[in-house]
Number of protein chains: 4
Amino acid sequence: MDKAISRRAEEKLNRINQIRDTAERLFAQKGFFNFTMKELARKAEFALGTIYSYFQSKSQLYDTLIEGKTRELVNFVSEQVMSETTITKQLEKFIEAKLTFFHQNPDFIRLYFSETYTAPGQSQPAVFRLQQQRAALSARLTEILERGIKDGTLIPVDAKTLTRVLMGLTDGFVFSWIEAVPEKSLAIELKIAKHIFLDGVLLKPRAVKEDYL
Amino acid sequence: MDKAISRRAEEKLNRINQIRDTAERLFAQKGFFNFTMKELARKAEFALGTIYSYFQSKSQLYDTLIEGKTRELVNFVSEQVMSETTITKQLEKFIEAKLTFFHQNPDFIRLYFSETYTAPGQSQPAVFRLQQQRAALSARLTEILERGIKDGTLIPVDAKTLTRVLMGLTDGFVFSWIEAVPEKSLAIELKIAKHIFLDGVLLKPRAVKEDYL
Amino acid sequence: MDKAISRRAEEKLNRINQIRDTAERLFAQKGFFNFTMKELARKAEFALGTIYSYFQSKSQLYDTLIEGKTRELVNFVSEQVMSETTITKQLEKFIEAKLTFFHQNPDFIRLYFSETYTAPGQSQPAVFRLQQQRAALSARLTEILERGIKDGTLIPVDAKTLTRVLMGLTDGFVFSWIEAVPEKSLAIELKIAKHIFLDGVLLKPRAVKEDYL
Amino acid sequence: MDKAISRRAEEKLNRINQIRDTAERLFAQKGFFNFTMKELARKAEFALGTIYSYFQSKSQLYDTLIEGKTRELVNFVSEQVMSETTITKQLEKFIEAKLTFFHQNPDFIRLYFSETYTAPGQSQPAVFRLQQQRAALSARLTEILERGIKDGTLIPVDAKTLTRVLMGLTDGFVFSWIEAVPEKSLAIELKIAKHIFLDGVLLKPRAVKEDYL
DNA sequence: TATGAATGAGTATTCATTCAT
DNA sequence: AATGAATGAATACTCATTCAT
């Protein structure tokens, strides 16, 4: 009996996951408005009604997808960063984890950006939660940067500003993958990314550092 | 007679521009699918049919808007960059011009990202053209970087990779403005951006530069 | 063996009755279209499939309910009327029985009217049978009235017309209970009803009776 | 110009009325749930979208229909009744007006009863308003009856009860027309109805009047 | 025999686009 | 040229019914 129940539960989970995966791919490929629930049903090989027995609505399905993946992202990055101790290593780890996550979840890239893109005034659930998660990630980054600035490792710039900058920089990196994810060279890209963030692109560092507001 | 015609032509141009401006605002605020042509007509203070006498379809209006603005962007950045001679100055100018353009056209930020977001396989006209324009901008950047690498100003990295990186980095910077465009501190942001790109975030440059592939 | 079978048969009957009762309540409360078979299953505490093993379809369940209750009504009224001998008493009994039946089956009031309401051209089974039952009831009434007219007890009006009138009048009485069934005053209402049907509302009967076509 | 505008206004009114008439017929024939907006469009010879440009939704169209007709009914009956002075004449006029209205609007009979039928707890707009109008009509009737009871014209029964009774009786009369409206004999039916209400069905009034609670 | 997950036809509503005035 | 009423294809979602377990 127990076995039967768990087998059913497992099958149900599999079905849900099959829908989720198909939906994620379709949302990513076509955007929210360009795919129909009918198409999802066909691609996921379920009847329309079956989809609706697992998810309340198209929006709710979308929300669930975004929310789940974003939470994964935040957890993944947080764990990786916490495994390091020095500021420099933590920053490197942050970059590495964020880029790695998106590299492993290329479909999510579009979702992530299309959601962040949506006008904030609309305050749809998905957007709201995603922005909350982004905020959580930012807060974690700010802590590291504040410590780095205080102990003289980093340039003395307002930590909040620096946070926005680094969040943006890494987003931009990922964003460049929308057109073409570099299949094999993640290691190289990572190396370059870290280097640029930490040391800049000039071969010979400038002798005199500028003043920072 | 000539005058009358030119007055009419001017009026027509004004009308078109009024529609364009309203449309750009709406596209930016709400996204392509979240407003109706009826709403556009009402906001632009024209009849529905009038809009359609100037633009073939909603998509075509959208395409036109994206295409025009992107071309403006490319021209603006190219001109600014060409006004400088040294590699460092040109890179600084590139960053400055790109960020300035988006700072002055905040509505365009969403359009730019939402379009780039749309899946490339779809090959809708707007996306296609926008990507062509992006390619043009990238090509310009690659030239500069190649010269910089060759003359020893920049770290010896594959120029194509570095291009993608810098395009992504600047995109990311702009992207961070979607949530909140910094009204007054563009100068400061620019200073920081340039510094980070060129010198990195470490206060004391690392003594030994790593090897680059 | 016999016993076991009869126990099963009894259990089955109980199950069917539980479904019928729940269904009757739901049909009456919400109307045919405003509740789902799922809701019925939940309220009757059976699985959806179980309902369908006892009733072919939602419509057929509805039909069965209407048919059964209407047959009860006709039988009840007929029996009561047949227990009297004089015309006046029979008419009083007809009124009394009809009103009493609906008073005891308030849920059925809505069912009765909503069904009669449905367009006759549609010829759905339930409507058809209900109308047959109504016809049976009417026929019984016509007999009484014809005798009453013949023997000079009643005003000399076409019996068919008078039948329709009295059917309508009693329906109307019952109909007024849809909004609020008078809990305690059935006796009083009955007294008034009988009086009005037989003697009218004027305190002093008009001296000269009009001619009737 | 004025003319053109009024012509358009008139055409628009005609169009709306054509939709209303078709809708009233369909609602009456099939009930709310058994007809589709598509069918309405086809029967009214308009495109689906056109229907929606005149009415917000199926429900709103339904509400509008019920509300309008019911108001007509109440106004019509009120005006007729007010044109008489004696109690007896007013009661006769009430019966006459109510029956005449439904005789002239046979489609409305079903709507009227199906709406009154709908469970009151649901409190849908249409039901609510219809019941308000019914209440208004009842109130008017109560006034007349109270005066009649006071001045000794009518039997001494609680006026509220008598109101419910007479409302029910006339409803019942109309209700009997659902199955078959008597095309030619309205005058006769009216005569009989009035007679029964006022004098009852007994040819020889009973000598001793019963006591009334 | 009982269950309830899966099915998919059916329906209200929206909105880009057309075209008679 | 300008207007906006009319059009109807497209789409999210519901719910009676089936059937494998």
Side-chain angles (χ1 to χ4, degrees), chain A residues 4-5 7-8 11-12 15-16 32-42 44-61, chain B residues 8 11-12 15 32-42 45-62, chain C residues 8 11-12 15 32-42 45-62, chain D residues 4-5 7-8 11-12 15-16 32-42 44-61:
Chain A
I5 287 175
R7 181 173 50 72
R8 278 208 187 165
E11 274 175 3
K12 178 161 179 167
R15 265 192 294 276
I16 293 182
F32 186 85
F33 290 101
N34 282 316
F35 97 83
T36 67
M37 291 300 270
K38 220 170 184 171
E39 186 182 358
L40 172 58
R42 201 170 50 246
E45 293 182 307
F46 283 102
L48 197 47
T50 308
I51 310 278
Y52 277 93
S53 74
Y54 289 109
F55 301 93
Q56 288 171 30
S57 68
K58 190 179 177 183
S59 294
Q60 192 262 337
L61 168 59
Chain B
R8 277 204 189 168
E11 276 174 3
K12 177 162 178 168
R15 265 194 293 278
F32 186 86
F33 292 100
N34 287 315
F35 80 91
T36 67
M37 290 300 271
K38 219 169 183 174
E39 187 182 353
L40 170 60
R42 202 171 47 249
E45 294 181 307
F46 283 101
L48 202 44
T50 310
I51 309 273
Y52 276 91
S53 73
Y54 290 111
F55 300 93
Q56 288 170 31
S57 69
K58 192 180 182 183
S59 294
Q60 191 262 336
L61 167 59
Y62 187 59
Chain C
R8 277 202 190 170
E11 275 174 4
K12 178 162 177 168
R15 265 194 293 277
F32 187 85
F33 291 100
N34 286 315
F35 80 90
T36 66
M37 290 299 271
K38 220 171 182 171
E39 188 182 353
L40 170 60
R42 203 171 47 247
E45 294 183 308
F46 282 102
L48 201 44
T50 309
I51 309 275
Y52 275 92
S53 73
Y54 290 111
F55 301 93
Q56 287 170 32
S57 69
K58 192 181 182 182
S59 294
Q60 192 262 335
L61 167 59
Y62 188 59
Chain D
I5 285 175
R7 182 172 52 71
R8 276 206 188 167
E11 275 175 3
K12 178 162 178 166
R15 264 192 294 276
I16 291 182
F32 186 85
F33 291 101
N34 283 317
F35 96 84
T36 67
M37 292 299 270
K38 222 170 182 170
E39 187 182 358
L40 171 59
R42 201 171 48 248
E45 293 183 306
F46 282 102
L48 200 45
T50 309
I51 310 278
Y52 277 92
S53 75
Y54 289 109
F55 301 93
Q56 287 171 31
S57 67
K58 190 180 178 182
S59 294
Q60 192 261 337
L61 167 58

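In what follows, every chain begins at residue 1, and chains take the letters A, B, ... in the order their sequences are listed. Below, all heavy atoms of this structure are taken into account, side chains as well, without hydrogens, waters or symmetry copies.
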Exercise for the section: Evaluate whether atom CD of A:E45 has more than 12 neighbouring non-hydrogen atoms of other residues, nucleotides or ligands under 6.0 angstrom away. Expected result: no
Exercise for the section: Please report, rounded to the nearest Å, how far the P atom of E:dA16 is from the CG atom of B:L40. Expected result: 10 Å
Practice task
Please work out if B:F35 contacts a base, only the sugar-phosphate, or nothing of the nucleic acid, heavy-atom cut-off 4.0 Å.
Solution key: sugar-phosphate
Handout entry: Test item: D:K58 side-chain N/O and D:F33 main-chain N/O as donor-acceptor pair under 3.5 Å
Key = no
Exercise for the section: Could you check how far CD1 of A:I16 sits from C1' of E:dA5, rounded to whole Å? Expected result: 12 Å
Handout entry: Polar side-chain atom of A:E39 near backbone of A:F35 as donor-acceptor pair, under 3.5 Å
Key = no
Exercise for the section: Could you tell me whether the side chain of A:F32 reaches within less than 4.5 Å of the side chain of A:S59, counting heavy atoms only? Expected result: yes
Problem - C:E45 or A:E45, whichever maps to the more 5' nucleotide of DNA chain E - result: C:E45
Problem - Watson-Crick or G-U wobble partner of E:dT11, both distances under 3.5 Å - result: F:dA12
Handout entry: Touch class at under 4.0 angstrom, heavy-atom based, for C:T36 against every strand present
Key = sugar-phosphate
Exercise for the section: Rounded off to whole Å, could you give me the CE-to-C1' distance for the C:M37 and E:dA5 pair? Expected result: 17 Å
Exercise for the section: Answer yes or no: does a side-chain N or O of D:S53 lie under 4.0 Å from OP1 or OP2 of F:dA5? Expected result: no
Exercise for the section: On DNA chain E, check which nucleotide each of D:L48 and B:G49 is closest to and give me the residue with the more 5' one. Expected result: D:L48
Problem - Short side-chain N/O contact to E:dA5 OP1/OP2 from A:T50, under 4.0 Å - result: no
Practice task
Could you check which nucleotide pairs with F:dA5 in any of the strands shown, counting Watson-Crick or G-U wobble with both distances under 3.5 Å?
Solution key: E:dT18
Handout entry: Between C1' of E:dT11 and CG of D:N34, the distance in whole Å
Key = 13 Å
Fill in the blank from the handout: Out of E:dT14, F:dA12, E:dT17, minimum distance to the side chain of D:Y52 belongs to E:dT14
Fill in the blank from the handout: Whole-Å distance, B:K58 NZ to E:dT17 P, equals 8 Å
Handout entry: Distance, rounded to the nearest Å, where A:F33 contributes CZ and E:dT14 contributes P
Key = 14 Å
Exercise for the section: Start with the C-alpha gap between D:L61 and D:L40, add the side-chain angles, then the distance that decides, and say whether side-chain contact (heavy atoms from CB on, under 4.5 Å) holds. Expected result: CA-CA 11 Å; D:L61 167 58; D:L40 171 59; 3.5 Å; yes
Practice task
Classify the nucleic acid contact of A:Y54 as base, sugar-phosphate or nothing, counting any heavy atom under 4.0 Å across all strands shown.
Solution key: sugar-phosphate
Problem - Rounded distance (Å) that lies between atom P of F:dG4 and atom CD of B:E39 - result: 17 Å
Exercise for the section: Could you check whether A:F55 gets within reach of a base, just the sugar-phosphate, or nothing at all, counting any heavy atom under 4.0 Å? Expected result: nothing
Handout entry: 5' precedence on DNA chain F between B:A47 and C:Q56 (nearest-nucleotide basis)
Key = B:A47
Exercise for the section: Check whether any side-chain N or O of D:R15 sits under 4.0 Å from OP1 or OP2 of F:dA6, and answer yes or no. Expected result: yes
Fill in the blank from the handout: Rounded to the nearest 0.5 Å, the CZ atom of C:R15 sits from the OH atom of C:Y54 at a distance of 3.5 Å
Practice task
Please determine if a side-chain N or O atom of A:K38 lies less than 4.0 Å away from the OP1 or OP2 oxygen of F:dT11.
Solution key: no
Fill in the blank from the handout: Rounded to whole Å, CZ of D:F46 lies from P of F:dA9 at a distance of 18 Å
